[in-house]
Amino acid sequence: MICQRCRGLLVRETFGDLRDEAGCMFPATRCINCGYIEDSVVRANRLRHPAAKRSTPRGIVWKGGVVFLQSHSERSRSV
């Protein structure tokens, strides 16, 4: 198998879940070259359709062709 990030060699490994006290083990692949780890959750998220993106990112206000960045306190007052 080939790594999608660096085209290096992927090997199968078993990792332990540190959040679970029972020591749950799960299979994943790891790149020998760059260290990238891919498991079933990463693969599932890659196949999901991306969420609709905002036309204007939060905190940016367009006024007369000029871009202003709103601070957190300004956003809470305008709501």
Check: Is the closest side-chain heavy-atom distance between Ile32 and Val11 below 4.5 Å?
Finding: yes
Item checked: Reported SG-to-CD1 distance for the pair Cys3 and Ile37, which is rounded to 0.5 angstrom -> 11.0 Å
Notebook entry, point to check: Quick one: CG on Leu10 to CG on Asn33, what's the gap to the nearest 0.5 Å?
Noted result: 10.0 Å
Next item on the list: Write out all pairs satisfying salt bridge (charged side-chain N to carboxylate O under 4.0 Å, His left out) with one or both partners inside residues 29-38, taking only residues at least two apart or from two chains.
Entry: Glu13-Arg30, Glu38-Arg43, Glu38-Arg46
Checklist line | Exercise: identify the closest heavy-atom pair between Cys31 and Cys6 | finding: SG-SG, 3.5 Å
Next item on the list: Could you pull out all residues at least two apart from Arg12 that satisfy side chain to side chain contact (heavy atoms under 4.5 Å, CB included)?
Entry: Met1, Thr29
Checklist line | Test side chain to side chain contact (heavy atoms under 4.5 Å, CB included) applied to Asp39 - qualifying residues, sequence neighbours left out | finding: Phe26, Ala28, Val41, Val42
Item checked: CD-SG distance between Gln4 and Cys34, expressed to the nearest 0.5 angstrom -> 11.0 Å
